[in-house]
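Only one structure is covered here, and it is reproduced in the block below.
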Amino acid sequence: MGKKTYITTTLPYVNADPHIGFALEIIQADIYARFLRERGGEVFFNFGTDEHGQKIYEKAKENGEDTQAYVDRYAAKFDALKKALNLTYNNFIRTTDPHHIMAAQEFWKRCNANGDIYKKNYKVKYCVGCETEKTDSDLVNGCCPDHSNRQLEIREEENYFFRYSKYGQKLLDLYNNNPEFVVPSWRLNEVRKFVEGGLEDFSISRLRTKMPWGIDVPGDPDHVMYVWFDALVNYVSAVGWPDRMEEFDSWWPVVQFAGKDNLRHQSATWQAMLMSAGIAPSKKIFIHGWVLGGGGQKMSKSLGNVINPFEVVEKYGGDALRYFLSREMTPFEDGDFTEARFKEAFNAGLANGLGNTSSRVLKMAESYLPGPVTVGEAEIPALYSKYIEGLELNKAMDLIWSKLSEMDSIIQETQPFKLVKTDKDAAAKIVTDLVKRLFSISKMLAPFMPETSAKIEEAIKANNLAAPLFMRLE
RNA sequence: GCCGGCGUAGCUCAGUGGUAGAGCACAUCACUCAUAAAGAUGUGGUCCCAGGUUCGAUCCCUGGCGCCGGCACCA
């Protein structure tokens, strides 16, 4: 049995359909998981949906839908990513699962037992015009931007608070002792700066009368947990905490994948919560950038530049999308996804590159060799592994493509297609070597483009390429 | 406003104290094992602007302009 690794994405909040940006996150995680398994490791890969809270409650109401029915529908939509993107997560957790609810309550109790939860009056700014509460970031010059003529009301209610302020130094110690705790390093700096600025306790409950769609606070039926306090606990409840501790201990700590908008929640808030509950911190957190819609603009309905991952897959295939997101995106920075860019990358990398090179090698193999090549062990450069371990997926892909281009050079220089007329054995030897190289490439490609990799290996085994891998798009 | 980052070929990005590179795109040539693909050659840059340090700066320093991110209860 290989080394065990537990990885998880964030849980998308089910108030919108799956977005291409989330596809990036889960594809990164899936590549990482497949890579670890390829080298013999055992992986627990967690994914799921975050289903509590105000917004969901309201959205379901808007739709005139039962809240549970609403979240069921959305959970299914997200779980559909598995097939579309060819994902290998083995656990789909929902924060409405009974086991998770129990775990969240137990987590609360542990924090409480540790003296980190207390009741306090919570001052809420309320706009009578909107009839909703406002946070400071909602306000412009201290007023509601939609009702600047009205005075905000200050309403008070009792809430439970989490003693976040207690964990500032401990978090800084965590960061300083683990310089690769957050990757890339500049994101670690960002969160460190935030923590250095001082932490304030925050509210972790809501009055049930105002917002019933949440997990009960243990011992206080008037309150439910604030949604993300419960949601974060999924990372431990997914692997058996608190009732199956042997299982939990065999997997924890976790390697997390999250977007830059989640930096603080995952690398500060959640870590403080773990400390409070007496659980070891996460192992590592990879922070990716956003997928933008061209010209550095966010995708939005009004700009008409929204890319639906399901549509891309239907049109171009799951591997093509995985290719684009892993090679054409810089893993930690924002990147543009436009159909024009996608097609360009598809033609250059998949049709002209991988597809054509595979085709020329396999056709020669079929014509010149008496049977399939015995490929032996794949040759995987150390650099390849190093790149993936650091989630530098684009670099790993570039490395693979440089190997492809090496093959083209070899064919160009040795001309086995001419040599075969004068020296069949010499030509066969060259082609055999090329097939072995192609095999190594397919092995390296496997985590990124599993279907294509499998097709190449089948073709090598059969000594026949049944169909072209990728045809040029017009 | 405060803190941080960035500004290099049409696009995406590397890079170095000694007057710049890759991939893609584009053009030409040429070839045929291959998917009009691969290959060779080439077009293309005042390395944001201005000052300073230096024998010499795209790289160091200062200022300016432009863009982006963060500045907590949206998850």
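In what follows, every heavy atom counts, from backbone to side chain, and hydrogens, waters and symmetry copies are set aside. Quantities reported herein were computed from a predicted structural model and do not represent experimental measurements. Chain identifiers are assigned alphabetically (A, B, ...) following the order of the sequence lines, protein sequences preceding nucleic acid strands; residue numbering begins at 1 within each chain.
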### Query
So, for A:Y160 and A:Y118, is the gap between ring centers shorter than 6.0 Å?
no

### Query
So, do A:F107 and A:W270 have ring centers that fall under 6.0 Å from each other?
yes

### Task
Could you tell me whether A:L469 contacts a base, only the sugar-phosphate backbone, or nothing, with contacts defined as non-hydrogen atoms closer than 4.0 Å?
base

### Message
Under 6.0 Å between ring centres: does that hold for A:F346 and A:F470?
### Response
yes

## Note on the structure
For B:A57, the nucleotide meeting Watson-Crick or G-U wobble distances (both under 3.5 Å) is none

### Task
Could you list the residues that satisfy salt bridge (charged side-chain N to carboxylate O under 4.0 Å, His left out) with A:K166, not counting sequence neighbours?
A:D116

### Query
Where does the angle between the aromatic ring planes of A:H265 and A:W228 fall among parallel (under 30°), tilted (30 to 60°) and perpendicular (over 60°)?
perpendicular

### Query
For residues 182-198 of chain A, which residues have at least one heavy atom under 4.0 Å from RNA chain B?
A:R187, A:E190, A:K193, A:F194, A:G198

### Task
Could you state the atom-to-atom distance from CZ of A:F202 to P of B:A75 in whole Å?
12 Å

### Task
Using the P atom as the reference point in each nucleotide, state the distance between B:G56 and B:C13 in Å, no decimals.
35 Å

Please output the side-chain donor-acceptor pairs of residues 413-420 of chain A that fall under 3.5 Å, not counting sequence neighbours, one pair per line with the distance.
from	atom 1	to	atom 2	distance (Å)
A:T414	OG1	A:I410	O	2.7

### Task
For B:A30, give its Watson-Crick or G-U wobble partner with both distances under 3.5 Å, or none.
none

### Query
Using the P atom in both, what is the distance from B:G15 to B:A34, to the nearest Å?
40 Å

### Query
For B:C71, what is the paired nucleotide under Watson-Crick or G-U wobble rules, both distances under 3.5 Å?
B:G1

### Query
NZ of A:K395 versus P of B:U12: gap in Å, rounded?
19 Å

### 5'-most by nearest nucleotide on RNA chain B - A:M364 or A:G335
A:G335

### Message
For B:C6, give the paired nucleotide (Watson-Crick: N1-N3 plus N6-O4 or O6-N4; G-U: N1-O2 and O6-N3; both under 3.5 Å), or none.
### Response
B:G66

### Pairwise C1' distance for B:G10 and B:G45, with rounding to whole Å
11 Å

#### Entry: Given B:U35, B:A75, B:A38, the nucleotide with the shortest approach to the side chain of A:A231
B:A75

### Query
Taking only residues two or more places apart in sequence, or in another chain, which ones meet A:Q68 in a side chain to side chain contact (heavy atoms under 4.5 Å, CB included)?
A:D66, A:V71, A:D72, A:R94, A:T96, A:W213

### Task
Would you jot down, in residue-number order, the residues of residues 411-432 of chain A having a non-hydrogen atom under 4.0 Å from RNA chain B?
A:I411, A:Q412, A:F417

### Query
Reckon A:I204 touches a base, only the sugar-phosphate, or nothing at all at heavy-atom distances under 4.0 Å?
nothing

Report each atom pair, protein N/O against N/O of nucleotides 23-30 of chain B, whose distance is under 3.5 angstrom.
from	atom 1	to	atom 2	distance (Å)
B:C24	O2'	A:E344	OE1	3.3

### Query
B:A75 phosphate, OP1 or OP2: any side-chain N/O from A:Y226 under 4.0 angstrom?
yes

### Query
With under 30° as parallel and over 60° as perpendicular, where do the rings of A:F342 and A:Y316 fit, or are they tilted in between?
tilted

### Query
Under 6.0 Å between the ring centres of A:F332 and A:H288?
no

### 5'-most by nearest nucleotide on RNA chain B - A:S409 or A:L350
A:L350

### Query
Roughly how many Å is it from CG in A:L325 to P in B:U12, rounded to a whole number?
17 Å

### Task
Please report, rounded to the nearest Å, how far the C1' atom of B:G4 is from the CD atom of A:E333.
13 Å

#### Entry: P spacing across the pair B:C47 / B:G7, given as an integer number of angstrom
14 Å

### Task
Please work out which of the three classes, parallel, tilted or perpendicular, describes the rings of A:F162 and A:Y167, given edges at 30° and 60°.
parallel

#### Entry: A:E328/A:R341 salt bridge by N-O under 4.0 Å criterion
yes

